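Each remark here refers to the structure printed beneath this line.
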Amino acid sequence: MAFLVRTRYAPSPSGTLHVGGARTALFSYLFAKHHRGQFIVRVEDTDQTRLVSGSEGSLMRSLAALGILWDEGPDVGGPFGPYRQSERLSQHQQYAAQLLQEGKAYRCYCTPEELDATRKARQAEGLPPRYMGTCRNLSSDDPIHGSGKPYVLRLKVPLSGVTVVDDLIRGQVTFDNKILDDFVIMKTNGTPTYNFAVVIDDWAMRITHVIRAEEHLSNTPKQMLVYEALGFALPQFAHIPMVLAPDHTKLSKRHGATAVEEYQAQGILPQALVNYLMLLGWSAPDGREFMTVKEAEELFTLDRVQHTAAVYDQKKLEWMNAQYLKQLPVSAVRDAVKPFVEQMGVSWGHGPSLESGVQLVRERARTLKDLAEGMRFLWQSPTQYDTKGVVKHFSHPEVVRRLQALATMLRELPADKWEHDSLAAAFDTLATQLEIKRAELIHPCRLALTGQTVGPGLFELVAVLGQQETVTRLVNVVVMLQDEGHELPTF
RNA sequence: GACCCCAUGGUCUAGAGGCCUAGGACAUCACCCUUUCAAGGUGGUAACCCGGGUUCGAAUCCCGGUGGGGUCACCA
């Protein structure tokens, strides 16, 4: 192995993990692991004003939930720390001082108000809003230096020439230095700006491949100029396409759920989410769509990454989640759905097991929430009945007599016959006796037991519900239907 | 507006000059299965942005246009 690949994900702790961020982290991770390299998490918390407490932990938890595991990071440390940008401040300052001393950077005393004014004036004239270099040529003995006036440090950007970004997925991208202005590297408060700090951090952490979203492509020439000024060797760059909302704009809160946490709360399995995410802008060479992170590690290469932004599609995510719900071991689904069942406030300790419920309804659930909701009737007898269903299945004059007969028959069924095939046979027998179609027994029965017209096949449902509970619910409905003055509660 | 990136069905994509009558998946429609709803099965509708080149031949290469996205902060 020629050299060790090291990639990083560098979120700012100002919120939760966004699906776009998760996808960036995932690609970075997969690239590193494909090359048997290391993946690092660094927290970019330079701007303390944007800090959201708890954000760092939440970010890290979401990454871990998706199976994106870091070799080095703020929690586990590592040989190239610190892993929080704010903790590297002295180093940033030291390099800034060096650039100042070498004449590659200079102090700028312009106030934000002045800058803003010229920016607006230039924009009004239709000119690019750039810094004009007012303080670039201040002589070193200019009295302003000792005046105590606040200043920032700006990098002296070459007035001519070009900066070429060699991007691993886009090839060579050329930027004219003339369009770059002398950007700020150290703020008035003595902290570094992003474009300065990121260079020092990546270099100090021996990052070999900077893989990040395309929105950073335009920043890259600035950073390259910093690398050059500092005399640092350049890493490789790869800018991956963005993830867009269905309306083709940047994904934001107004598009509904965007955070990994929110998806989990909706009942999307992390396995499904990460699988869906890897398909956003990348495809496996053999075209397969179902993969674990581990499998993707073997398959992932940058040359198969799309150049176009991907539009995020909730429907496909849910479809994929449904596939996982169907294919995962029952025990895994049971563990995943448990909190959702508990959240419904249903006591599932008695009666059918969670496993049997999962097996019964997982075929028709798209999310864990659906699944939990679909299992509710197992532990909670219906308090309301589907309106249309009542009209359709409870209005026949014979229905009470039929349900009564059904209850009686089921009560007398030997316990060892309480399974799918025997139940089906029993229903057949009764239907023949009553000279009706089996369906005329099935539909009212389902409605009586679950309050709904949709759900699992009746015989497997009854088998799981159990004899006593089934009979009880049937009898209850019979009593309610018999009571002329009583209106059946519907929804 | 300037600069940069991009361009295959509604969406995710396959495609690296002839294998393309453009393949797969989601979504959608129809049918089948069926005790409902799903699931599953089968089939269908639906795309190479436009215009010029290059070439015997272009979805694939080049140029222009158009469209979309991104960046232009003492945010990251």
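Order of the sequence lines sets the chain letters (A, B, ...), proteins ahead of strands, with each chain counted from 1. Remember, predicted model here, so these are calculated numbers, not experimental data.
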| task | Measure the distance from NZ on A/Lys316 to P on B/rG24 and round it to the nearest whole Å. | result | 13 Å
| task | Please determine if A/Arg42 and A/Asp202 form a salt bridge, counting it only when a charged side-chain N lies under 4.0 Å from a carboxylate O. | result | yes
| field | Interatomic distance, A/Met278 CE vs B/rU13 P [rounded to whole Å] | value | 14 Å
| pair A/His393-A/Val399: side-chain heavy atoms closer than 4.5 Å | no
| request: Mind calculating the distance between CG (A/Leu244) and C1' (B/rC5) to the nearest angstrom? | output: 13 Å
| Which whole number of Å gives the distance between the C1' atom of B/rA25 and that of B/rG15? | 16 Å
| request: Looking at every strand, decide which applies to A/Gln306 at a 4.0 Å heavy-atom threshold: base, sugar-phosphate, or nothing. | output: sugar-phosphate
| query | Should A/Tyr131 and A/Phe183 count as side-chain neighbours, where that means a heavy-atom distance under 4.5 Å? | reply | no
| task | Using whole Å, report how far NE2 of A/His255 lies from P of B/rU11. | result | 15 Å
| message | Less than 4.5 Å apart, side chain to side chain, heavy atoms only: is that true for A/Leu317 and A/Leu273? | response | yes
| Is it true that A/Lys315 and A/Glu318 make a salt bridge, defined as a side-chain N closer than 4.0 Å to a carboxylate O? | no
| note | Checking N1-N3 plus N6-O4 or O6-N4 for Watson-Crick, or N1-O2 and O6-N3 for wobble, each under 3.5 Å, the partner of B/rC49 is B/rG65
| message | Check whether A/Tyr109 forms a cation-pi arrangement with A/Lys149 (NZ or CZ under 6.0 Å from the six-membered ring centre, at most 45° off the ring normal). | response | no
| Choosing from B/rC5, B/rG10, B/rG69, which nucleotide comes nearest the side chain of A/Arg170? | B/rC5
| Which whole number of Å gives the distance between the C1' atom of B/rG57 and that of B/rC72? | 44 Å
| field | Side chains of A/Thr367 and A/Ile268 in contact at under 4.5 Å (non-hydrogen atoms) | value | yes
| field | Most 5' of A/Arg304 and A/Thr308 on RNA chain B, judged by nearest nucleotide | value | A/Thr308
| query | When rounded to the nearest Å, what value does the distance between C1' atoms of B/rG24 and B/rA76 take? | reply | 39 Å
| query | Ring centroid separation for A/Phe300 and A/Trp282, is it under 6.0 angstrom? | reply | yes
| said: Of the options B/rG69, B/rU71, B/rC12, whose atoms approach the side-chain atoms of A/Thr249 most closely? | reply: B/rG69
| query | If the C1' atom of B/rG67 is compared with that of B/rU28, how far apart are they to the nearest Å? | reply | 26 Å
Filtered N/O pairs between nucleotides 72-76 of chain B and protein, under 3.5 Å:
residue	atom	partner	partner atom	Å
B/rC74	O2	A/Thr188	N	2.9
B/rC74	O2	A/Thr188	OG1	2.7
B/rC74	N3	A/Thr188	OG1	2.3
B/rC74	N4	A/Cys110	O	3.4
B/rC75	OP2	A/Lys187	NZ	2.6
B/rC75	O2'	A/Asp47	OD2	3.4
B/rC75	O2'	A/Arg50	NE	3.2
B/rC75	O2	A/Arg50	NH1	3.3
B/rA76	OP1	A/Lys187	NZ	2.9
B/rA76	OP2	A/Tyr194	N	2.9
B/rA76	O3'	A/Glu44	OE1	2.7
B/rA76	N6	A/Asn219	ND2	3.0

| task | Rounded off to whole Å, could you give me the CZ-to-P distance for the A/Phe290 and B/rC12 pair? | result | 18 Å
| task | State whether the number of non-hydrogen atoms from other residues, nucleotides or ligands found under 6.0 Å of A/Lys326 atom NZ is greater than 12. | result | yes
| request: Give A/Lys250 one of three labels, base, sugar-phosphate or nothing, depending on what nucleic acid heavy atoms sit under 4.0 Å from its own. | output: sugar-phosphate
| said: Categorize A/Ser14 for me: base, sugar-phosphate, or nothing, with a 4.0 angstrom heavy-atom threshold over every strand shown. | reply: nothing
| message | Using the P atom as the point on both nucleotides, what is the distance between B/rA38 and B/rG51, in whole Å? | response | 43 Å
| query | If you measure from the C1' atom in B/rC48 to the same atom in B/rA22, how many Å do you get, rounded? | reply | 7 Å
| query | Across all strands, who's sitting opposite B/rU28 as a Watson-Crick or G-U wobble pair, both distances under 3.5 Å? | reply | B/rG44
| query | Salt-bridged, A/Arg84 to A/Glu87, with N to O below 4.0 Å? | reply | yes
| Atom CG of A/Leu279 and atom P of B/rA14: how far apart are they, to the nearest Å? | 10 Å
| said: Give me the distance, rounded to whole Å, that separates B/rA46 from B/rC4 when you measure between the C1' atoms they each carry. | reply: 33 Å
| Nucleotide B/rC6, atom P - distance to NE2 of A/His248 in whole Å | 17 Å
| Just how far, in rounded Å, is P of B/rG15 from CH2 of A/Trp282? | 12 Å
| task | Find out whether A/Leu30 and A/Phe39 are in side-chain contact, i.e. whether some heavy atom of one side chain is under 4.5 Å from a heavy atom of the other. | result | no
| field | Any strand: nucleotide that pairs with B/rC37 via Watson-Crick or wobble, under 3.5 Å | value | none
| Pair partner, B/rA2 [Watson-Crick or wobble, under 3.5 Å] | B/rU71
| What is the base-pairing partner of B/rU60, counting Watson-Crick and G-U wobble geometry with both distances under 3.5 Å? | none
| What distance, rounded to whole Å, do you find between the two C1' atoms, one in B/rC75 and one in B/rA16? | 40 Å
| said: If you assign A/Tyr276 and A/Leu217 each to the RNA chain B nucleotide with the nearest heavy atom, which residue ends up on the more 5' nucleotide? | reply: A/Leu217
| Any donor and acceptor pair, going by atom type alone, linking the side chain of A/Asn275 with main-chain N or O of A/Phe290 inside 3.5 Å? | no
| task | Name the nucleic acid region contacted by A/Gly389, choosing base, sugar-phosphate or nothing; use a 4.0 angstrom heavy-atom cut-off, strictly under. | result | nothing
| request: Between protein and nucleotides 28-48 of chain B, map the contacts as a letter string: B base, S sugar-phosphate only, - none, heavy atoms under 4.0 Å, written 5' to 3'. | output: -------BBBBSS--------
